[in-house]
Amino acid sequence: MLKATLRSFLAHKGRLLLSALAIVLSVAFVAGSLIFSDTVTRTFDRLFASTSADVTVEPKDDLDSQVPTGEARTLPASLAQQVAKVDGVASTHADVGVENITVVDSDNESVGPTTGAPTIAADWYVTDRSPVKLTSGHAPRGAAEALLDADTADKKHVKIGDTLTVLAQPGTFKVRIVGIATFTTTNPGAALVFLDPATAPDQLLGSPDKATSISVDAAPGVSDAQLKRRIAATLDTGAYDVKTADEQADSAAEDLGGFLDVIKYVMLGFAGIAVLVGVFLIVNTFSMLIAQRTRELGLLRALGADRRQVRRSVLTEAILLGLVGSTLGLAAGIGLAAGLIKLMGVFGMNLKTTEMVVGWGTPVAAYVVGVGVTFVAAYLPARRAAGVSPMAALADAEIAGIGKPLRTRAIVGSIVGALGAAALVGCATATKTSSSASLLGLGVVLTLIATVIAGPLLVRPVIRVLGAAFPALFGSIGRMSQRNALRNPRRTGATAAALMVGLALVGGMSVASASMSKSFDQQIDKTLGADFVVQNSNFVPFSQTVTDAVRDTEGVGLVVRQRFAPLAVRLPDGKRVETTAAGYDDKVDDVAHVTYADGDSAAALAPGSMGMDVDFAKDHDVRIGDTLPVEFPGGQRTEMKVAAFTDQDGSDGFGMQGGLFFGIATVEKYVPGGQDSALYVNAASGTSADQLRARLDKSLDPYPQVQVRDLADYKKLVHDQIAVLLYLVYALLGLAIVIAVLGVVNTLALSVVERTREIGLLRAIGLARRQLRRMIRLESVVIAVFGAVLGLALGLVWGVCVQQVLALQGMNALAIPWTTIVAVVVGSAVVGIVAALLPALRASRMNVLAAIAHE
C-alpha cells in the first residue's frame, strides 16, 4: 500500500501542484509574519538594552492618555545632584529629550519623517550607550548650533552650514547645523536633532532647571537592582518612576509592541484567508482525484486492501502534499520577511536582513499549519475513498457524489443557517456594543459555514437563472456549458466557495466603510460650524506660535482653541475612569453645533464646571449638579461640578470615554505645558471664506505641520482614513481571488481529464476547437459569478449588521456601494474567463482518437 500510495502521489503531482500553491501561500504568510516580528523584536530589544542607562529616573506616568496633549513631562534638573549622593552611583546626567517639536528647513519644508515616526530634539551627551556618534563637523556650542542625524540629513538634503528652524513648546528658534551624527545601532525611523546641553533645557522645556529624565550609571560591583532600591528609598516614589536598564528596555519595547502587533495581525489575517480559501481548494482537489480513481481504489479493495488502508493511503498523500507545500511555504516566508524588512527601510526603519531571526517556533508553526490544514481538508474525501466498493472495479469510472441526495446537507445547513440568522438578528437588536459585536462575530461564522454546507443546494436554482441567457446567446454551446456546471452540484459549490469567502468579506466591509463615511459626513455637517479648522496633519498638538499666527491673520473674526487633558474621575457608582477631556474657549457655540440634553455651553465651560455625555452619565448615575473628584497628571486633585449633558452621536471618541469637556482655563491650570490640538476659525464680517483661506495658508506657510481645512477637506480626511481599511480588505480580496482562481483552474483541469472521452466524442461529431474553448470558458464564468452572487449576498447581510453595531456608536447612516458591487460581479466574470484559459486550451489540443479511447 505504501508503494501504491507513493506511485499514486508521483503520478498525480501535476494535478496536486495547484493545491500545493494554496498551502505555500498560507504557510508563507504565517512564517513571514513570525520571522518579521521576531526580527524586529530582537533588533529593538538589542537597541533598547544597549542604550538604556543602568538606572533611569522619570516623572511618574500616573494617567495614561491615548490622546496627545503636547505636554512634555518634566522633573527638576537638580534631582541629578540629589541622586548622585546615593551610595553606589558613579555618575548622573539630567537628560533633555522631547517629541513635541517641528523642525523645518529654509524653504519651510518639514525635516521630520512623513511616516508617523517622531522628530526628537535632545541635548548632546555622549556615552558608550549613545545610539549615534559624531561622524562629521563638531559638537554644538551655544544656542544657535545643532547636530542632525545622518539618515535625516541624507533624505532631506541638509548639509553642514544649513539653517533649520525649531518650533518648540516654549518658542521658535533657529539653529545652524554644525555636525552630522550617524546611528551606530538600528535607526528606528525618527529624526534626531541634538542641541548644546547648556541651552537645551531652556530652548526645549522653557527653563534651565527642568529635565525629562535622570540617567544614572552604577559604580563597579553594584547591580542595577541594588542601585534602583537605594535610589527609590531617597525619592518620592509617588512622583517618580525608577527603572533598571532591563525595565526601561521592556517599557520601550512595549511602546513599540502596538506597531508590531498591527503588522503581525495583518499578516496573520492574510494567512487566515489563505488557509480558509485553501481548504476549499484542497477538499475539491482530493474529492475529484478520488472520483477519478474509483476503479483504481475498487481494484485495491478487490485485491484485499481494507477500508482503513485505503483511507490511510489517501491521508498519506495529503500529508506528503502538506510537507512539500510547508517546506516551500517556509522558504517563501523567509523571502516575504526579507521583503518586509526592505520595505521598512523605505519608511526609515533600517533593519538588516543579515540579522533575520528564524526561531524554532516558526518552522513548527509552518508545518503545523501546512500539514494540519491539508490533513483536515483531505479527511472527508479520504473517508469517501474508503467507502468505495470492490465492485466498482468492474464498472466504468463513476463520479462520486453525482446522483446522491443532498438531504443531509439541507438539514445541517438549515440548522446552522438558522442559528447564524438568529445571531445576526440578535446583533441588530442588541442595545450594547459589546454584546452586539459578539453576536455579529458568531453570526458571521455560522452563516458562512451554513452557506458552504448548503452551497450545492443553491447551485441548480441559481445557475439556471445566471445561465438562462446562455442557450439564446451561444446556442448548444451555451446549453452544454450551463449543464456542465449543473451536473455535479457538490463540485460546483465547493469551487465557488473559495471565491465566495473573499467576496463576502469585501462586500461586508464595503457596506461598513460606505456607512461609516456617510455617517461621518452627516456628523460633520451636523456639528461643525466653523469656517475652518487648523490642525496638525497627524493630530499631534502644535506650538503657541501657530495659534498666534492664526490670530494675527487679517480677516480672522473668531478663534476657539481645543486642548486635551488626561484625567481620572471618580463616579457616583464607585468606578474610577481614566480618560481624556477636551478644553474649549468661550463662544464654542459659534464654531460647533452642540446638542444638549441638559444645560448649555456657558454652564459647562464655567470655572469649576464640566460637561459630560448623557449616556455615560446615565450608566454611572451622574446627575446635573453632582460634584465629582477629578485627578490630573502629577497627582493634582480637584472637584468639578457636572453642569451640562450633551447628546451627541459618537461622543465616546478614541481614548475619550465619557465625552468630558470644560473651559480651556481648567486645562491650562492643571496641564500647564500642554499645546493646542485644533483651532476653530470663523471669518470676520466683510471677509469671505475664500479670502480668509488664502490669507491663512500664507500665514501658516512657515508651519508645514499644520493644515487649514474646511468642511469638504474634513470629510475628505475622514474618507481617506477609512480608505486605508478598505485597501487592506481589497488586498485580502486579491489574495482570496488568487487562490480562488487556482481552485477554478484546478477544478476545470481535473474536469477536463475526467471528461476526456466525452470531449473526444464531442470533437468527433463536429465540435470545433474554438467552440470547445468557449464551452469551458462559459462554464468557468457561470461558476465564478455564482460564487460572487453568494458572496455578495452574504456580505451585504454582514455589512448591514456591522452598520447596526456602528449605530450603537452614533454612526446611524446605512449606505450600500452599488457601484462596487456591480464592479465585483463583472470582475468575477473576468476571473472566470482568466481561470478557464489554460484548461480550455488543453482541452482543445486533445487528440480526438486518443480521447475517445481514454480509460
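Remember, predicted model here, so these are calculated numbers, not experimental data.
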Using the rule given for side-chain contact (heavy atoms from CB on, under 4.5 Å), can you reason through V556 versus V559, listing the C-alpha separation, both sets of side-chain angles and the distance that settles it, and then say yes or no?
CA-CA 8 Å; V556 168; V559 176; 3.4 Å; yes
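- Side-chain atoms of S543 and Y703 form no donor-acceptor pair, as typed in the model, at a separation below 3.5 Å.
- Scored by the side-chain contact (heavy atoms from CB on, under 4.5 Å) test, L440 finds L424, C427, V444, C801, V802, V805 as partners (sequence neighbours excluded).
- The side-chain heavy atoms of T819 and V822, taken from C-beta on, include no pair separated by under 4.5 Å.
- Closest of all the heavy-atom pairs between P118 and P113 is O-CG, 3.8 Å.
- A donor-acceptor pair is defined here as one N or O able to donate and one able to accept, closer than 3.5 Å; no such pair exists between the side chain of Q804 and the backbone of T429.
- For the pair V533 and V681, the minimum side-chain heavy-atom distance is 4.5 Å or more.
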Audit row: V797, T447, side-chain contact (heavy atoms from CB on, under 4.5 Å) steps and yes/no
CA-CA 10 Å; V797 173; T447 50; over 6 Å; no
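- To the nearest 0.5 angstrom, L503 atom CG is 5.5 Å from L792 atom CG.
- Counting only heavy atoms from C-beta outward, the side chains of F786 and L499 never approach each other to under 4.5 Å.
- S515 places a side-chain N or O within donor-acceptor distance of the main-chain N or O of A815, the cut-off being under 3.5 Å.
- Taking the side chain as every heavy atom from C-beta outward, P572 and L628 approach each other to under 4.5 Å.
- Other residues, nucleotides and ligands contribute only 12 or fewer heavy atoms inside 6.0 Å of the NZ atom of K587.
- Donor-acceptor pairing under 3.5 Å is lacking for the side chains of T595 and D647.
- Interatomic distance, M640 CE to F632 CZ, rounded to the nearest 0.5 Å: 5.5 Å.
- At a threshold of 4.5 Å between non-hydrogen side-chain atoms, the residues Y680 and D590 do not count as touching.
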What's the verdict on side-chain contact (heavy atoms from CB on, under 4.5 Å) for R576 and L571, showing C-alpha distance, side-chain angles and the deciding distance?
CA-CA 6 Å; R576 179 181 181 272; L571 298 160; over 6 Å; no
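- How far CZ of R561 is from CG of D676: 5.5 Å, rounded to the nearest 0.5 Å.
- Atoms CE and OG1, from M509 and T820 in turn, are 13.0 Å apart once rounded to the nearest 0.5 Å.
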Test log, rule side-chain contact (heavy atoms from CB on, under 4.5 Å), inputs R709 and F532
CA-CA 5 Å; R709 300 187 179 103; F532 299 103; over 6 Å; no
Check against salt bridge (charged side-chain N to carboxylate O under 4.0 Å, His left out), D531 and R693
CA-CA 9 Å; D531 292 334; R693 177 66 177 264; over 6 Å; no
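- Side-chain atoms of D713 come within 3.5 Å of backbone N or O of D710 as a donor-acceptor pair.
- Taking the six-membered ring where the residue is Trp, F661 and Y584 present perpendicular rings, their angle passing 60° and hence far from 30°.
- Considering all non-hydrogen atoms of both residues, V671 and P633 come closest at CG2-CD, 4.3 Å.
- Within the model, atoms CD1 of I101 and OG1 of T119 stand 6.0 Å from one another, a figure rounded to the nearest 0.5 Å.
- Q535 places no side-chain N or O within donor-acceptor distance of the main-chain N or O of V708, the cut-off being under 3.5 Å.
- Counting all heavy atoms, side chain and backbone alike, Q803 lies closest to N812 at NE2-O, 3.0 Å.
- Using a 3.5 Å distance cut-off with no hydrogens or angles, the side chains of Q675 and R563 do not pair a donor with an acceptor.
- Taking the side chain as every heavy atom from C-beta outward, P817 and V511 approach each other to under 4.5 Å.
- Taking each heavy atom of A581 and L567 in turn, the nearest pair found is CB-CD2, 3.5 Å.
- L679 places none of its side-chain heavy atoms less than 4.5 Å from the side chain of V560.
- What you find for M500 and L448 is that their closest heavy atoms are CE-CD1, 3.7 Å.
- Within the 4.5 Å cutoff, the side chain of V642 has no heavy atoms near those of the R623 side chain.
- Taking CD from Q523 and CE from M516, the interatomic distance works out to 10.5 Å, rounded to the nearest 0.5 Å.
- Considering T547, T102, L167 in turn, T547 is the only one that fulfils the side chain to side chain contact (heavy atoms under 4.5 Å, CB included) rule with F542.
- The main-chain N or O of F662 is never found under 3.5 Å from a side-chain atom of T666 such that the two would form a donor-acceptor pair.
- Nearest heavy atoms, A568 versus E578: CB-CG, 4.0 Å.
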